[in-house]
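Quick note: numbers below take in every heavy atom, side chains included, and nothing from hydrogens, waters or symmetry partners. Sequence positions, counted from 1, serve as the residue numbers for this chain. In this text, all values refer to a predicted model and were calculated from it rather than measured experimentally.
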Amino acid sequence: IISWTAALGFFVLVNGWFKYKLIAIGSGSMETSISFGDAIVFKQFNKDMEYNNLHVGDIIVFNVNNDLIVHRVESIIVNNEDIYVHTKGDSNEKGDPYVLHKKDILGKYVFKIKYLGIPTIFLNELLK
């Protein structure tokens, strides 16, 4: 029963059916906070109020050219109802070369699970 419950919980998190989603980290841009091969759980955004609760220093998940990226918020610009965010990976020397609009931001980091993402990364590489 415990194994089935854990497997079901994992399946639900990976598919993002609820407020939280699990993804594997395939780069080292967030070392030492989050490492290559870790899996993170993030809270998905779906309301403007959640975007208004972003702060400098938060780790967010966002979409750029259909790639999911996990980086830290470096600055936030609020212009009327719109929110624009600059990000940077912790181990990158420079900030990211793009500005995110709130529609690009999928959610906010909650916690990580060490090494859980390695099988997913390995499988993705095999399928390429």
Side-chain angles (χ1 to χ4, degrees):
I1 292 175
I2 293 172
S3 296
W4 279 102
T5 303
L8 179 63
F10 181 76
F11 183 75
V12 167
L13 281 173
V14 168
N15 286 301
W17 288 346
F18 296 108
K19 191 77 170 157
Y20 296 91
K21 188 167 183 173
L22 178 80
I23 60 170
I25 303 300
S27 83
S29 67
M30 285 298 293
E31 295 282 351
T32 61
S33 301
I34 302 169
S35 300
F36 175 87
D38 290 350
I40 68 155
V41 173
F42 70 95
K43 183 178 180 183
Q44 298 184 83
F45 285 174
N46 62 6
K47 295 181 182 172
D48 283 344
M49 186 173 72
E50 292 174 305
Y51 294 102
N52 293 331
N53 288 327
L54 280 177
H55 299 93
V56 170
D58 287 344
I59 298 172
I60 60 172
V61 179
F62 54 93
N63 186 351
V64 173
N65 299 323
N66 292 323
D67 287 328
L68 294 183
I69 300 174
V70 179
H71 279 175
R72 193 175 300 276
V73 173
E74 194 169 54
S75 66
I76 300 171
I77 300 165
V78 179
N79 185 3
N80 295 326
E81 296 291 318
D82 285 331
I83 297 171
Y84 300 94
V85 177
H86 295 250
T87 55
K88 178 183 172 296
D90 287 357
S91 65
N92 296 345
E93 289 188 23
K94 296 181 180 178
D96 296 329
Y98 38 76
V99 177
L100 303 172
H101 186 264
K102 66 182 178 181
K103 68 176 174 48
D104 302 316
I105 302 170
L106 303 177
K108 190 173 173 181
Y109 167 87
V110 178
F111 65 90
K112 69 179 175 182
I113 304 167
K114 293 295 282 178
Y115 312 119
L116 185 64
I118 291 174
T120 302
I121 295 166
F122 179 70
L123 184 60
N124 283 338
E125 289 298 317
L126 281 177
L127 295 175
K128 284 183 182 177

List the atom of [X], the atom of [Y], and the distance in Å for their closest heavy-atom pair.
| X | Y | result |
| --- | --- | --- |
| K88 | E74 | CD-OE2, 3.1 Å |
| D90 | S33 | OD2-OG, 2.7 Å |
| S91 | G28 | OG-O, 2.8 Å |
| K43 | V110 | N-CG2, 3.6 Å |
| I121 | G26 | CD1-CA, 3.7 Å |

Can you tell me how far apart [atom1] ([X]) and [atom2] ([Y]) are? Round to the nearest 0.5 Å.
| X | Y | atom1 | atom2 | result |
| --- | --- | --- | --- | --- |
| I76 | D58 | CD1 | CG | 7.0 Å |
| I25 | K114 | CD1 | NZ | 11.0 Å |
| N63 | L100 | CG | CG | 9.5 Å |
| D96 | Y98 | CG | OH | 3.5 Å |
| N92 | E31 | CG | CD | 11.0 Å |
| M30 | F36 | CE | CZ | 15.5 Å |

Do [X] and [Y] land in one hydrophobic cluster if side-chain heavy atoms of ILVMFWY residues count as linked below 4.5 Å?
| X | Y | result |
| --- | --- | --- |
| I77 | V56 | no |
| Y20 | L116 | yes |
| I113 | F122 | no |
| V64 | Y84 | no |

Requested in this report: Assess whether side-chain contact (heavy atoms from CB on, under 4.5 Å) is satisfied between H71 and F62, documenting all intermediate values.
Outcome: CA-CA 8 Å; H71 279 175; F62 54 93; 3.9 Å; yes

Query raised in the report: Take atom OH in Y115; do more than 12 heavy atoms of anything else shown fall under 6.0 Å from it?
Result: no

Query raised in the report: Pick one: which of L68, N46, I69 meets side-chain contact (heavy atoms from CB on, under 4.5 Å) with L106?
Result: L68

**Report entry** Side-chain heavy-atom pair F45, L54 within 4.5 angstrom cut-off
**Finding:** yes

Query raised in the report: Just wondering, do V73 and H55 contact through their side chains at under 4.5 Å, heavy atoms?
Result: no

Query raised in the report: side-chain contact (heavy atoms from CB on, under 4.5 Å) between I59 and I40: does it pass, once the steps are laid out?
Result: CA-CA 11 Å; I59 298 172; I40 68 155; 5.8 Å; no

